[in-house]
Amino acid sequence: MNNYATAKLAEEKVFKDPVHRYVHVRDQAIWDLIGTREFQRLRRIRQLGTTYLVFHGAEHSRFNHSLGVYEIVRRIIDDVFAGRPEWDNSERLLVLCAALLHDLGHGPFSHAFENVFGTDHEEFTRKILLGETEVNAVLRRVADDFPEKVAQVIEKTYPNQLVVSLISSQIDADRMDYLQRDAYYTGVSYGHFDMERILRVMRPRDNKVVIKSSGMHAVEDYIMSRYQMYLQIYFHPLSRSAEVILNNILKRVKLLSEEGYWFKHEPVHFKPFFKNKIMLEDYISLDESIMLTYFQFWMQEEDVILSDLCRRFVNRKLFKYIDMNPEEEPENFERLKRLIKQAGLDPTYYVVHDSTSDLPYDLYQPGNTTGKLPIVLQMQNGELRELSQESFLVDSIAGRLKTDHKVFYPPEILKDNTVDEHLKQEIIALINKLK
């Protein structure tokens, strides 16, 4: 470590924030990281992907979420942990940098993009941290091994799990920010909870963060807020419909490119992804503004499927859906695909199954290293107890995997006069039967 690690700005900088009121920056390294091109790129990647097509306020970016996570961690370590013997203040800058940079590798419309091209945002976060980037240059000014340490915290392999749990556990700064931020920008009330109370009762202990038992009810409120946000926002079927269309646009473009299709507007930015020869610069250069520009261009393509899918996405002509799990109803699913194909549409792109699931609270199971760290209460006598052992409310939903299955289809086909009337009635009858 050197003087840069402890260097402060001559004057504190603040960002006005609708969720936390202000984000405070006092450290020179944090200010320099915010100014890097790789961090500024996060302004051009939405936090909630396609959700803006359903909740029109959801235009917020991974940039302001990242600032929010940083601010929550800063408050915990500067206002709550500071001076406590269990907290090593030499790790302060490390955890602040990890909080700020934890989403650095997210690509445009992250999940659809990763599904089609097999990229991994966590892998690219690491590459940005350790590669020839502006972010890496700032981190190396702290110490030569500092970029690797930041990467380890984000990857949850850093030896001190107390540091890791601040940004990756079941009650971490990441979740506490995105629940409140997503609720604010979507305009719903589900994601609100008493964060100030939770921060006040957090304590560092035994290589992890614990919650004083007096704050249990605030934590219950947080768990239920998260549960409701997943059901009402993150699982919203119309947002998933838009993601299905987006996914199919990328699948179609990739297939056409592999088949040697001549594009009016060549997908230059996507070529490295088609060939799976992705340089870091290729990844950093692609953002949602570029993708949406291509979608506008591809609306004019000769390929009927690509132009139609792009038109649907750009003009918000989304698919409708029915509740169906094809594994439980394979015959009906195959019949629907067959009928849609008879009506002139390729079921690969126009009859799509999507499932999504989440655990409201992941019970701690000894030996299980895949789940997030449990929430631990510190009782008045000093004993540590896992949350669901004390909370009847949390115990009632703990470990219950909520999975939602939908099958999406184009509703216009039910009104298309060019489709044989008998065939159309057969499709309508099947859909009504499955609803």
Assess whether side chain to side chain contact (heavy atoms under 4.5 Å, CB included) is satisfied between Met379 and Ser213, documenting all intermediate values.
-> CA-CA 5 Å; Met379 310 310 289; Ser213 59; 3.9 Å; yes

Mind checking whether Phe313 and Phe295 have parallel, tilted or perpendicular rings, split at 30° and 60°?
-> perpendicular

May I ask you to check whether Trp31 and Tyr4 place their ring centers less than 6.0 Å from one another?
-> no

Is the Lys NZ or Arg CZ of Arg46 less than 6.0 Å from the centre of Tyr52's six-membered ring, within 45° of the axis?
-> yes

State whether a side-chain donor-acceptor pair under 3.5 Å links Glu114 with His111.
-> no

Are Glu329 and Asn325 linked by a side-chain donor-acceptor pair shorter than 3.5 Å?
-> no

Looking only at heavy atoms, the pair that brings Glu390 and Leu377 closest together is CB-CD1, 3.8 Å

Val23 side chain near Val14 side chain, heavy-atom distance below 4.5 Å | no

Salt bridge check: are Arg41 and Asp287 linked by an N-O gap of less than 4.0 Å?
-> no

Heavy-atom closest pair (Ile167 atom, Asp172 atom, distance to 0.1 Å) is O-OD2, 3.4 Å

Nearest-0.5 Å distance, OG of residue Ser169 to CD1 of residue Ile171 = 7.5 Å

Test item: Lys8 and Asp27 side chains (from C-beta on) under 4.5 Å apart, heavy atoms = yes

Is any NZ, NE, NH1 or NH2 atom of the basic residue among Arg74 and Glu71 found under 4.0 Å from an Asp or Glu carboxylate oxygen of the other?
-> yes

With ring centroids as reference points, do Tyr409 and Phe319 lie under 6.0 angstrom apart?
-> no

Just say parallel, tilted or perpendicular for the rings of Phe113 and Phe270, cut-offs at 30° and 60°.
-> tilted

Are Glu91 and Lys149 within salt-bridge range, i.e. N to O under 4.0 Å?
-> no

Any salt bridge between Glu86 and Arg203, counting N to O under 4.0 Å?
-> no

Can a salt bridge be assigned to the pair Glu383 and Arg205 using a cut-off of 4.0 Å between side-chain N and carboxylate O?
-> no

Between Ser285 and Ile290 the two heavy atoms that sit nearest each other are O-CD1, 3.1 Å

Is the shortest side-chain N to carboxylate O distance from Lys337 to Asp346 below 4.0 Å?
-> no

Given side chains that start at C-beta, do those of Pro326 and Val407 come closer than 4.5 Å, heavy atoms only?
-> yes

Side chain to side chain contact (heavy atoms under 4.5 Å, CB included) between Glu196 and Asp194, intermediate numbers included = CA-CA 6 Å; Glu196 298 302 324; Asp194 191 350; 3.9 Å; yes

Check whether the ring centres of Phe408 and Tyr350 lie less than 6.0 Å apart, and answer yes or no.
-> no

Cation over ring face, Lys127 and Phe124, 6.0 Å, 45° | yes

Carboxylate-amine/guanidinium proximity below 4.0 Å for Glu288 and Arg44 = no

Salt bridge or not for Arg197 and Asp221, using N-O below 4.0 Å?
-> no

Pairing of Asp308 and Arg312 as salt bridge, 4.0 angstrom limit = yes

Decide if the gap between the ring center of His236 and the ring center of Phe55 is smaller than 6.0 angstrom.
-> yes

Between Arg140 and Asn136: side-chain donor-acceptor atoms closer than 3.5 Å | yes

Is Lys406 salt-bridged to Asp354, cutoff N-O under 4.0 Å?
-> no

Given Val73 and Leu96, is the side chain to side chain contact (heavy atoms under 4.5 Å, CB included) satisfied, shown in steps?
-> CA-CA 7 Å; Val73 169; Leu96 289 180; 4.0 Å; yes

Decide yes or no for Leu199 and Met176: does some side-chain heavy atom of the first lie under 4.5 Å from some side-chain heavy atom of the second?
-> yes

Take the angle between the ring planes of Phe117 and Phe274 and call it parallel below 30°, perpendicular above 60°, tilted in between.
-> tilted

Hey, are the side chains of Ile154 and Thr125 touching, using non-hydrogen atoms and a 4.5 Å cut-off?
-> yes

With a 4.0 Å cut-off, would you call Asp177 and Arg175 a salt bridge?
-> no

Anything under 30° is parallel, anything over 60° is perpendicular, the rest tilted; go ahead and classify His353 against His405.
-> parallel

Kindly state whether the ring of His269 and the ring of Tyr294 have centres lying under 6.0 angstrom apart.
-> yes

Is a salt bridge present between Asp282 and Lys271, judged by a nitrogen-to-oxygen distance below 4.0 Å?
-> no

Are the charged groups of Lys264 and Glu301 less than 4.0 angstrom apart, N to O?
-> no

Search all heavy atoms of Leu33 against all heavy atoms of Phe39 and return the closest pair with its distance.
-> O-CB, 3.4 Å

Does Met291 reach the side chain of Leu250, with side-chain heavy atoms less than 4.5 Å apart?
-> yes

Hey, do the aromatic rings of His102 and His65 have their centres closer than 6.0 Å?
-> yes

Taking the side chain as every heavy atom from C-beta outward, state whether Val80 and Val201 have any pair of such atoms under 4.5 Å apart.
-> no

Taking all atoms of both residues into account, what is the closest heavy-atom pair of Asp103 and Leu42, and its distance?
-> O-CD2, 3.7 Å

Side-chain contact, heavy-atom cut-off 4.5 Å: Glu12 with His24?
-> yes

Taking all heavy atoms of Gly131 and all of Leu280, pick out the closest pair and write down the distance.
-> CA-CD2, 4.4 Å

Do the ring centers of Tyr230 and Tyr234 come within less than 6.0 Å of each other?
-> yes

Examine Phe297 together with Phe263 and report whether their ring centres are nearer than 6.0 Å.
-> no

